[in-house]
Amino acid sequence: MTDIEEKPLNFIRRIIEKDLAANKNEGRVVTRFPPEPNGFLHIGHAKSICLNFGIAEHYQGSCNLRFDDTNPAKEEQQYIDAIQEDVRWLGFQWQDQIRHASHYFDQFYEFALGLIQGGKAYICSLSAQETREYRGSLTEPGRNSPYRDRSVEENLDLFARMKAGEFDEGAHVLRAKIDMASSNMNMRDPTLYRIRKVIHHQTGDAWCVYPMYDYAHCISDAIEGITHSLCTLEFEDHRPLYDWILNQLDIAHPQQIEFSRLELEYTITSKRKLNQLVVDQCVSGWDDPRMPTIAGLRRRGYTPAALRDFCERIGVTKSENRVEMSVLENCIREDLGARAPRVMGVLRPLKIVIENYPEDQVEDVVASNHPQDESMGTRTLPFAREIYIEQDDFREQANRKFKRLVLEGEVRLRHAYVIKCESVIEDGEGNIVELRCSYDKDTLGKNPEGRKVRGVIHWVSAQHALDAEVRLYDRLCNVPNPGAEEDIVETLNPDSLETLLNCKVEPGLAKAAAWTAYQFERVGYFCVDSKDSTEQAMVFNRTVGLKDSWAKMVSKGKS
RNA sequence: UGGGCUGUCGCCAAGCGGUAAGGCACAAGGUUUUGAUCCUUGCAUGCGGAGGUUCGAAUCCUCCCAGCCCAGCCA
């Protein structure tokens, strides 16, 4: 018997297994992913999605996608659409139809009536400012609202009239009657309903009172038969209120469990701040490839598999964390390394004329599409007298550590011949504009005899190559924890996007479809941009570079 | 200075009283027509700190320290 090392359970799964063992909830496991449609989903949401849907999958339960749409002023249909696309793209399926908290508005209202009748809620007519003053502080208890002891009849009447639209926004709210002296601020008679004369994206003008999160969320969970309601740490203090509300009602009682949100170094996971970047046009949109949004990562070339793997690797705990970018990058490299066909693309071209190669000759050389996966087959590449190589791959002179082309030195052209640099042509200002080389005819598919050629560089045929634009992305922000800074714009990395306009890629890429991932050998992983690329003007996004131990040596000054 | 929570390797993270998993990162080798991949090796006498209980403590107890969250009619 071989014992496969099981990945240890996270604390939430441990709780669920215990519940299952105790036959709690009759063995059902029902979770939900409850975004507010007020922005695009980001990598932090991916963690929550993977957790909630992953648990449902694993325990053969189900997971609902529910829009937590209780604040119409901030929400939009476009976000509802984008969120569904993102969840589906990540590869998850929600249980039957989409849910909306707004679908339960009638039930919320009925339950509120019940609370009022039971003396558990009252209409408070304090202004927002007064309410704040009555609430007390972290160290001082609050005081009871003067409206706290209104009669049930008066409360019922007022609430009905609030619903009927008789009052202006802010005139009254419905509050739970709990304990103004509680050390938990959330229990100091929290607001349950407020008046908002706003058109709701789902319910139109049907309502002018809208429930608060704390009131709507727990009841939504209960209505849907959620067994485990997973949310982030900042809601820990809300759990007593979650439980209190459900305890007042004759209704199911899901268990709220909190876990820490994901933070990623050098970027932000705050919808508010991401929205600011979009609004201020610091980025091209929610799906700008520099954004940590799911849409941005997708456009950048990240795959669902990589994101899911990432969420698996980072774990689920209650401790605050800020994960290094390298973990995410490793995930996408691993996925694409196995699956992306290899091609050649020259980002910063340097022209080479192979002087001993016949003027008009063009021959096809065979190149494997994946060195470790023969099933991906081969393709042919046109080889001719004039080619482009990478500027970085030539130095007039260099020590032995530099395994590329030097003047009077030899190098292997990937999948093709060994060439030797005979001379360098400069412009008037000392810039190298062209190399004159010779090739060794007897080196196609075999090593030259009597000498060793240490380097291999990529190339494209000058007359056959396609012009392309390549966008290189770097970290969005300059500081590891930009969220801690007062002004997010100040932290933005001015070099987060570098656009290269004169790149040359191999001709076979002409028919490359949007989103398709390729490895440009020796450079990195790229995909065709889904928005800006056309057949006439191709645009590639660099998803992530290849690991580059040479660059590391150079930056350390070892070469 | 009220309440809630968290502190295990540079970053994540197992561990649940029997003597510190794993991943990423990093370092050193090897293979290689990608300086990629792959392979091998190294990387916490230490678990926020101090006491205590125990044959035995990261795990239990006490005290202390640090960090995060809460005073929206946001979620």
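In what follows, chains are A, B, ... by sequence order, proteins preceding strands, each numbered from 1. The figures here come from the full heavy-atom set of this structure, side chains too, leaving out hydrogens, waters and symmetry mates.
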Least distance between heavy atoms, A:Leu444 atom then A:Ala416 atom: CD1-CA, 3.7 Å
Pairwise P distance for B:rU31 and B:rU40, with rounding to whole Å: 15 Å
Options B:rU34, B:rG23, B:rA21, nucleotide nearest the side-chain atoms of A:Glu521: B:rU34
Interatomic distance, A:Leu328 CG vs B:rG23 C1' [rounded to whole Å]: 14 Å
Residue mapping more 5' on RNA chain B - nearest nucleotide basis, A:Val327 or A:Arg239: A:Arg239
Pair of N/O donor and acceptor under 3.5 Å linking B:rU33 base with A:Arg412 side chain: yes
Smallest separation among heavy atoms of A:Leu158 and A:Phe167, with atom names: O-CE1, 3.7 Å
A:Leu274 side chain near A:Phe40 side chain, heavy-atom distance below 4.5 Å: no
Watson-Crick or G-U wobble mate for B:rC74, both contacts under 3.5 Å: none
Base-pairing mate for B:rC68 - Watson-Crick or G-U, with both contacts under 3.5 Å: B:rG4
Sugar-phosphate only, base, or nothing, as touched by A:Lys403 at under 4.0 Å among non-hydrogen atoms: base
Distance between P atoms of B:rC26 and B:rU19 (Å, rounded): 33 Å
Whole angstrom value for the distance that separates P of B:rU33 from CZ of A:Phe383: 19 Å
Candidate list A:Tyr210, A:Phe159, A:Trp207, test ring-ring contact (aromatic ring centres under 6.0 Å, His included), partner A:Tyr193, passing option: A:Phe159
Touch class at under 4.0 angstrom, heavy-atom based, for A:Ser368 against every strand present: nothing
Short N-O contact, A:Arg66 and A:Glu224, less than 4.0 angstrom: yes
A:Ser368 and A:Arg342, any side-chain heavy atoms less than 4.5 Å apart: no
Spacing of A:Leu336 atom CG relative to B:rA36 atom C1', expressed in whole Å: 13 Å
Aromatic centroids of A:Tyr147 and A:His172 separated by under 6.0 Å: no
Touch class at under 4.0 angstrom, heavy-atom based, for A:Pro371 against every strand present: base
Base-pairing mate for B:rG18 - Watson-Crick or G-U, with both contacts under 3.5 Å: B:rC55
Contact under 4.0 Å: A:Lys552 side-chain N or O vs B:rG35 OP1/OP2: no
Closest approach of A:Met344 to A:Val460 (non-hydrogen atoms, all atoms of both residues): O-CG1, 3.7 Å
Under-4.0 Å salt bridge between A:Arg451 and A:Asp440: yes
Rounded distance in Å - CG (A:Leu51) to P (B:rA13): 13 Å
Candidates A:Lys74, A:Lys271, A:Glu75 - the one meeting side-chain hydrogen bond (donor to acceptor under 3.5 Å, both in side chains) with A:Asn38: A:Lys271
C1' spacing across the pair B:rC43 / B:rG49, given as an integer number of angstrom: 25 Å
A:Asp548 CG - B:rU37 C1' separation (whole Å): 14 Å
Separation of the C1' atoms in B:rC16 and B:rC47, to the nearest angstrom: 14 Å
Whole-angstrom distance between B:rG51 and B:rG46, as gauged at atom P: 14 Å
Ion pair A:Asp243/A:Arg239, N-O distance below 4.0 Å: no
Sugar-phosphate, base or nothing in reach of A:Arg14, heavy atoms under 4.0 Å: base
Listed nucleotide nearest any side-chain atom of A:Lys318, set B:rU6, B:rC26, B:rG4: B:rU6
From B:rU6, B:rC12, B:rU1, nucleotide with atom closest to A:Thr139 side chain: B:rU1
Nearest atoms (heavy-atom pairs only) where A:His201 meets A:Pro37: CE1-CG, 4.1 Å
Any N/O donor-acceptor pair, A:Arg342 side-chain to B:rU34 base, under 3.5 Å: yes
Pairing partner of B:rU33 (Watson-Crick or G-U wobble, both distances under 3.5 Å): none
Sugar-phosphate, base or nothing in reach of A:Arg414, heavy atoms under 4.0 Å: base
Counter-base of B:rC63, judged by Watson-Crick or G-U geometry with both distances under 3.5 Å: B:rG49
Proximity to the side chain of A:Lys556 - top-ranked nucleotide from B:rG7, B:rA27, B:rC24: B:rA27
N-glycosidic conformation, B:rG4 - syn within 90 degrees of 0, else anti: anti
Atom C1', compared across B:rG15 and B:rA28: separation rounded to whole Å: 30 Å
Exercise: identify the closest heavy-atom pair between A:Glu410 and A:Val418: OE2-CG1, 3.5 Å
Nearest-Å distance once atom C1' is located in both B:rG22 and B:rC63: 35 Å
side-chain N/O A:Thr317 vs B:rA13 OP1/OP2, d < 4.0 Å: yes
Atom CZ of A:Arg400 with >12 non-hydrogen neighbours under 6.0 angstrom: no
Sugar-phosphate only, base, or nothing, as touched by A:Lys446 at under 4.0 Å among non-hydrogen atoms: base
Check ion pair A:Arg475-A:Glu265 (N to O, under 4.0 angstrom): no
Within residues 372-379 of chain A: residues closer than 4.0 Å to RNA chain B (heavy atoms): A:Gln372
Rounded distance in Å - CZ (A:Arg333) to C1' (B:rC38): 16 Å
Separation of atom CG in A:Asn481 from atom P in B:rC11, rounded to whole Å: 13 Å
Pairwise P distance, B:rA21 and B:rA14 [rounded to whole Å]: 15 Å
Base versus backbone protein contacts along nucleotides 66-75 of chain B [heavy-atom cut-off under 4.0 Å; B, S, -]: --BBBBSBSB
Carboxylate-amine/guanidinium contact A:Glu390 A:Arg404, below 4.0 Å: no
Expected rows: protein N/O vs nucleotides 40-42 of chain B N/O, under 3.5 Å:
none

Sugar-phosphate, base or nothing in reach of A:Gly445, heavy atoms under 4.0 Å: base
A:Tyr266 OH - B:rA25 C1' separation (whole Å): 13 Å
Donor-acceptor pair (no angle test) under 3.5 Å: A:Glu140 side chain, B:rG2 base: no
